[in-house]
Amino acid sequence: MSDLQLALIGNSSSSALLDGRARIVWACLPRFDSEPVFDSLLKDGEGEPDDGFYEIELLDAVRSEQEYVANTAVLITRLFDSRGAAVEIADFAPRFKQFGRMFRPLMMVRSARPLGGSPRVRIRLRPTTSMAKTPPVRTHGSNHVRYVMPGITLRLTTNASVTAVLDESAFVLDRRL
């Protein structure tokens, strides 16, 4: 990756770095000192990395805008394609008070919604660990995909088509996901 203009989301227990296209390119989970499960930031090669990222890709994207919601750690990224369609992606790691103390779950929330036109998106979730010699084992249910790796299991819970996520196939974003 040549551009180090990165945004940060986190909740004081875990964090992630996102690039200008809202791709999670770095995250060590379950703690800051854990092994990275998203590490495409460090992959130096020609073209796109094969793994180590989480992307909600707008097909034919031509530009992007990124900002934090005022006085929050909620990151908003707007992507625009060559046909005039647009999508907004909101990213944050929740943190809230519960039972008189701060609760910081190991969770990242990603929300995508269409802003105009008929945006075609593709969800690509490819976690990795350097200890694993093989890709994560994937299992899935009606509304989730699990990625089982040594020492950690990640779960994507979504209202998007699980088949579209597993196949990384493009679809029209016609509602909030």
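All values reported here derive from a predicted model rather than from experimental measurement. What you see below is based on every heavy atom in this structure, not just the backbone, and it leaves out hydrogens, waters and symmetry mates.
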All heavy atoms of Phe80 vs all of Ala86, minimum pair found to be CD2-CB, 3.5 Å
All heavy atoms of Leu177 vs all of Asn159, minimum pair found to be CA-OD1, 3.2 Å
Requested in this report: Given side chain to side chain contact (heavy atoms under 4.5 Å, CB included), test Leu6 with Leu41 step by step and report yes or no.
Outcome: CA-CA 10 Å; Leu6 301 170; Leu41 176 66; 3.7 Å; yes
- prompt: If only atom types and distance count, is the side chain of Tyr68 paired as donor or acceptor with the main-chain N or O of Leu8 below 3.5 Å?
  reply: yes
Point to revise | Side-chain touch Ile152/Val37, heavy atoms, less than 4.5 angstrom | key: yes
Here the gap from Phe32 atom CZ to Ser14 atom OG, rounded to the nearest 0.5 Å, amounts to 6.5 Å
Q) Is a side-chain donor or acceptor of Asn11 paired with a backbone partner of Pro94 at a separation under 3.5 angstrom? A) yes
Closest non-hydrogen contact found for Pro136 with Pro127 is CG-O, 3.4 Å
CZ of Phe92 to CD1 of Ile76, rounded to nearest 0.5 Å, is 9.5 Å
In this structure, CZ of Arg21 is separated from CG of Leu79 (nearest 0.5 Å) by 9.0 Å
Sequence neighbours excluded, the answer for salt bridge (charged side-chain N to carboxylate O under 4.0 Å, His left out) partners of Asp51 is Lys43
CD of Glu55 to CG of Leu125, rounded to nearest 0.5 Å, is 11.0 Å
Taken in chain and number order and not counting sequence neighbours, the residues that satisfy salt bridge (charged side-chain N to carboxylate O under 4.0 Å, His left out) with Arg155 are none
Please set out all donor-acceptor pairs under 3.5 angstrom arising from side-chain atoms of residues 98-120, sequence neighbours excluded.
{"from": "Arg104", "atom 1": "NE", "to": "Ser13", "atom 2": "OG", "distance (Å)": "2.8"}
{"from": "Arg110", "atom 1": "NE", "to": "Asp91", "atom 2": "OD1", "distance (Å)": "2.4"}
{"from": "Arg110", "atom 1": "NH1", "to": "Tyr54", "atom 2": "O", "distance (Å)": "3.3"}
{"from": "Arg110", "atom 1": "NH2", "to": "Ala22", "atom 2": "O", "distance (Å)": "2.3"}
{"from": "Arg110", "atom 1": "NH2", "to": "Asp91", "atom 2": "OD1", "distance (Å)": "3.3"}
{"from": "Arg110", "atom 1": "NH2", "to": "Asp91", "atom 2": "OD2", "distance (Å)": "3.3"}
{"from": "Ser111", "atom 1": "OG", "to": "Arg176", "atom 2": "NH1", "distance (Å)": "2.9"}
{"from": "Arg113", "atom 1": "NE", "to": "Glu88", "atom 2": "OE1", "distance (Å)": "3.0"}
{"from": "Arg113", "atom 1": "NH2", "to": "Glu88", "atom 2": "OE1", "distance (Å)": "3.2"}

Side-chain polar contacts of residues 160-172 - donor-acceptor pairs under 3.5 angstrom, sequence neighbours left out - could you list them?
{"from": "Ser161", "atom 1": "OG", "to": "Thr163", "atom 2": "N", "distance (Å)": "3.4"}
{"from": "Ser161", "atom 1": "OG", "to": "Ala164", "atom 2": "N", "distance (Å)": "3.1"}
{"from": "Glu168", "atom 1": "OE1", "to": "Arg126", "atom 2": "NH2", "distance (Å)": "2.6"}
{"from": "Glu168", "atom 1": "OE2", "to": "Arg126", "atom 2": "NE", "distance (Å)": "2.9"}
{"from": "Glu168", "atom 1": "OE2", "to": "Arg126", "atom 2": "NH2", "distance (Å)": "3.4"}

Interatomic distance, CG@Leu173 vs CD1@Ile56, rounded to 0.5 Å, equals 8.5 Å
Exercise. Can a donor-acceptor pair be found between the side chains of Thr139 and Arg146 at a distance below 3.5 Å?
Worked result: yes
Nearest heavy-atom approach of Gln66 to Gly20 is OE1-CA, 3.8 Å
Sequence neighbours excluded, the answer for salt bridge (charged side-chain N to carboxylate O under 4.0 Å, His left out) partners of Glu67 is Arg78
Practice task
Find out if a path of hydrophobic residues (ILVMFWY) with successive side-chain heavy-atom gaps under 4.5 Å connects Leu4 to Ile9.
Solution key: yes
Residue set satisfying salt bridge (charged side-chain N to carboxylate O under 4.0 Å, His left out) with Asp33, at least two apart, ordered chain then number -> Arg31
**Message:** Between Leu18 and Leu75, does the side chain to side chain contact (heavy atoms under 4.5 Å, CB included) criterion hold? Intermediate values first, please.
**Reply:** CA-CA 9 Å; Leu18 289 82; Leu75 179 67; 4.0 Å; yes
Rounding to 0.5 Å, atoms CG (Leu42) and CH2 (Trp26) come to a distance of 4.5 Å
Practice prompt. Output, in order, the C-alpha distance, side-chain angles, deciding distance and verdict of side chain to side chain contact (heavy atoms under 4.5 Å, CB included) for Asp81 and Val62.
Written response: CA-CA 5 Å; Asp81 72 12; Val62 293; 5.7 Å; no
